[in-house]
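For reference, the structure discussed in these notes is given below.
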2 protein chains.
Amino acid sequence: MEEPLIFKKPNFKLAEEIINKAVALKKTVIIIGKCKVNYSGRAKSTLGFGERIVLIKKDGALLIHRPIGYLPINWQPSNCIFQISSNNEELKIKSVRKDVKEEVFIVFSEILLLTVLNLKDEGEFNLYASEEDMKKAIFLKPELIEEGFKIIEFEKKVEPGFIDVYGIDKKGNLVIIEVKRKIAGKEAIMQLMKYINVVSKLTSRSLRGIIAAPKLAKKASKLLETFNIEFKSLNPKVCASIIENEKNKKYSLKEWL
Amino acid sequence: MEEPLIFKKPNFKLAEEIINKAVALKKTVIIIGKCKVNYSGRAKSTLGFGERIVLIKKDGALLIHRPIGYLPINWQPSNCIFQISSNNEELKIKSVRKDVKEEVFIVFSEILLLTVLNLKDEGEFNLYASEEDMKKAIFLKPELIEEGFKIIEFEKKVEPGFIDVYGIDKKGNLVIIEVKRKIAGKEAIMQLMKYINVVSKLTSRSLRGIIAAPKLAKKASKLLETFNIEFKSLNPKVCASIIENEKNKKYSLKEWL
DNA sequence: ATATGCATGTCGCAC
DNA sequence: GTGCGACGTGCATAT
């Protein structure tokens with residue numbers, strides 16, 4: 001790993017130079033010090049002086065962290081432009097977004113520690129058990145929904161949006177499935193009803209609506225009855241393991257060929 | 001400001017001791033080094049080795065930041081418990097949540113920099129131009145909606161939720177207003193319709209539904225017509241400035257008394 | 001604990 | 001660029 005540059009209590013002029021250079025060279029910067037922050041854009045905020053951790057990433061993301069809380073108190077997403085200036089009393093960092101009119105303005109009255117890093121991170125990231133994975137699992141094993149169920153189309157476009165899974169049951173009824181990776185609330189049912197209404201206008205065949213999710217919210221179960229929708233319990237982790245197995249199968253198949 | 005403890009390339013045993021102590025004493029810890037991460041809980045993820053910034057806050061929040069991106073690649077919200085262990089080759093940090101079964105497991109193969117901070121942050125934070133502010137502005141100036149509009153109730157409870165603003169127009173029609181601080185989509189209209197349906201069952205008076213938002217989504221504008229709902233453009237910043245003015249008025253009033 | 005809706009949500013993807 | 005839905009969303013609030 002490349003050695004970081006560490007500056008303890010740099011004066012503001014020096015800090016300005018270092019940060020400017022670091023941003024230009026697309027390094028990662030960590031500033032620890034006492035600052036106040038003003039944000040203005042879609043909304044507006046003010047934050048009085050306090051000791052914080054400020055992170056500037058090489059892609060132009062800005063994070064201002066207080067000593068507590070998971071969320072940054074102020075921030076800018078990636079692709080920001082920075083203007084840094086200083087005098088004897090303070091260091092000012094202004095970050096503006098290229099696309100939207102959003103501005104974060106930081107004034108440091110004290111800098112305790114300034115670190116410049118050149119991080120190398122090629123690590124692969126994989127996330128399992130998403131809603132996408134649940135749909136894939138249904139594709140691989142339509143019987144997860146019920147025996148004899150066949151898929152006609154995925155992500156079928158209908159006017160107000162996309163039907164997650166569109167298929168036909170063994171009796172020939174059309175089936176519209178809304179997939180949720182966590183507890184399905186009324187919004188899931190509303191979404192499904194929307195699709196059922198639209199599709200029912202396009203066909204005279206009988207239609208079934210199914211919510212496939214790990215669980216159903218209590219209030220949603222009442223709606224279920226009134227709208228005559230069905231619920232199919234579907235565990236995202238089970239879905240993830242099905243995909244995992246399938247991957248292995250493919251590999252063995254490939255090896256066998 | 002209290003001086004931070006800075007350790008360059010500490011050995012794993014030392015790092016373990018320091019982090020353990022820091023967590024126990026509710027300090028803020030920053031670890032910069034090469035690590036891999038496994039997450040498991042609602043979903044599951046793996047992240048290969050790479051150089052990252054790991055932040056442990058005194059409230060038990062955990063953030064793992066790659067050199068790019070606004071969001072942490074892995075994380076835990078506040079109130080986590082940490083288990084730290086080490087051997088000659090690696091430092092392991094496991095964080096589990098108290099309430100939910102969620103676990104993040106970090107393995108460091110190299111530690112470049114370990115910093116322990118005792119940040120003091122009493123700065124006041126204020127956010128303006130929220131949806132709440134828009135409602136307040138309507139309260140202060142009902143004419144923002146239209147001339148002659150009078151408010152009956154705020155956040156009126158009806159069965160499926162709360163009506164943002166409930167009032168009466170100069171002709172005596174009941175008015176139900178749904179406020180949105182950004183572009184109102186179909187979900188806003190669905191919400192409003194829900195309230196209109198419920199209220200229409202409770203009264204025989206004529207009812208008007210109004211979406212008050214800075215803008216209306218295109219698809220939503222079609223729905224607007226079909227449901228015979230009105231749209232009132234309302235800028236959140238204008239609302240914020242109305243509140244600001246009102247504050248000043250109160251101050252002058254106070255001074256005058 | 002559960003449910004519901006907001007957020008400077010952010011992000012990705014389709015149009 | 002805009003629109004729309006997912007997210008390990010987090011978070012506050014009301015029941």
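Residue numbering restarts at 1 for every chain, and letters A, B, ... go by the order of the sequence lines. Any value given below was found using the heavy atoms of this structure, including those in side chains, with hydrogens, waters and symmetry copies removed.
As rounded to the nearest Å, C:dT8 and C:dT4 have P atoms that lie 23 Å from one another. Atom name P, nucleotides D:dG8 and D:dC4: the rounded distance is 23 Å, in whole Å.
Using a 4.0 Å cut-off, some side-chain N or O of B:Arg181 falls inside it from OP1 or OP2 of C:dG9. Distances shorter than 4.0 Å separate none of the side-chain N or O atoms of A:Lys180 from OP1 or OP2 on D:dC7. In this structure, A:Lys218 does not reach the C:dA1 phosphate: none of its side-chain N or O atoms is under 4.0 Å from OP1 or OP2. For C:dG9, one of the phosphate oxygens OP1 or OP2 lies less than 4.0 angstrom from a side-chain nitrogen or oxygen of A:Arg42. Residue B:Lys194 has a polar side-chain atom (N or O) positioned under 4.0 Å from OP1 or OP2 of C:dG5.
Checked against D:dC11, D:dT15, C:dA3, the side chain of B:Pro77 finds its nearest nucleotide in D:dC11. Taking the side chain of A:Ala43 as heavy atoms from C-beta on, and the options C:dG5, C:dT8, D:dG8, the nearest nucleotide is C:dT8.
To the nearest 0.5 Å, atoms CZ (B:Phe227) and CD1 (B:Ile211) are separated by 11.0 Å.
Each of A:Ile183 and B:Ala129 lies near DNA chain C, and the nucleotide nearest A:Ile183 is the one positioned closer to the 5' end. For A:Gly69 and A:Asp99, each mapped to the nucleotide of DNA chain D holding its nearest heavy atom, the one lying further toward the 5' end belongs to A:Asp99. For the pair B:Ala220 and A:Leu71, both in contact range of DNA chain D, the more 5′-proximal nearest nucleotide belongs to B:Ala220. In terms of position on DNA chain C, the residue among A:Ser45 and A:Ser78 whose nearest nucleotide sits closer to the 5' end is A:Ser45.
The residues A:Lys180 and A:Glu178 are annotated as salt-bridged, a charged nitrogen and a carboxylate oxygen being separated by less than 4.0 angstrom. Under 4.0 Å is where a charged nitrogen must lie from a carboxylate oxygen, and between B:Glu122 and B:Lys120 no such pair does.
Atoms NZ (A:Lys182) and P (C:dA1) sit 18 Å apart, rounded to a whole Å. Nucleotide D:dA6 holds its C1' atom 19 Å from the OH atom of A:Tyr128, rounded to whole Å. Taking atom CZ of A:Phe162 as the reference point, atom P of C:dC15 lies 6 Å away to the nearest angstrom. Across the protein-nucleic acid pair, A:Lys186 atom NZ and D:dT15 atom P stand 13 Å apart, rounded to whole Å. Between the P atom of C:dC6 and the CG atom of B:Asp164 lies a distance of 7 Å, rounded to the nearest Å. The CG atom of A:Asn126 sits 13 Å away from the P atom of D:dG8 (whole-angstrom rounding). Summarising the geometry, the separation between CG on B:Leu127 and P on D:dG10 is reported as 20 Å, rounded to the nearest angstrom. In this structure, A:Ile73 places its CD1 atom 11 Å from P of D:dC11, rounding to the nearest Å.
The residue A:Lys219 sits close only to the backbone: its heavy atoms come under 4.0 Å of sugar-phosphate atoms, none of a base. Residue A:Tyr70 is in sugar-phosphate contact alone, with no base atom involved, counting any heavy-atom pair closer than 4.0 Å across all strands shown. Within the nucleic acid shown, B:Glu102 comes within 4.0 Å of at least one base atom, counting heavy atoms only. No contact: B:Glu187 has no heavy atom under 4.0 Å from any strand. Using a 4.0 Å heavy-atom cutoff across all strands shown, A:Asn74 reaches at least one base atom of the nucleic acid.
For A:Glu155 against D:dG5, no side-chain N or O and base N or O form a donor-acceptor pair under 3.5 Å.
The side-chain ring of B:Trp75 is stacked on the base of D:dG8, judged by centre separation under 5.5 angstrom and plane angle under 30 degrees.
Searching all strands for a Watson-Crick or G-U wobble partner of C:dA1 with both distances below 3.5 Å returns D:dT15.
Between the side chains of A:Glu103 and A:Ser40, no donor-acceptor pair of N or O atoms lies under 3.5 Å. At a cut-off of 3.5 Å, with distance as the only test, a side-chain donor of A:Ser45 or A:Asn74 sits close to an acceptor on the other residue. Defined by atom type and a distance below 3.5 Å, a donor-acceptor pair is missing between the side-chain atoms of A:Glu155 and A:Tyr166.
The closest donor-acceptor contact from the side chain of A:Tyr195 to the backbone of A:Val199 lies at 3.5 Å or more, if one exists at all.
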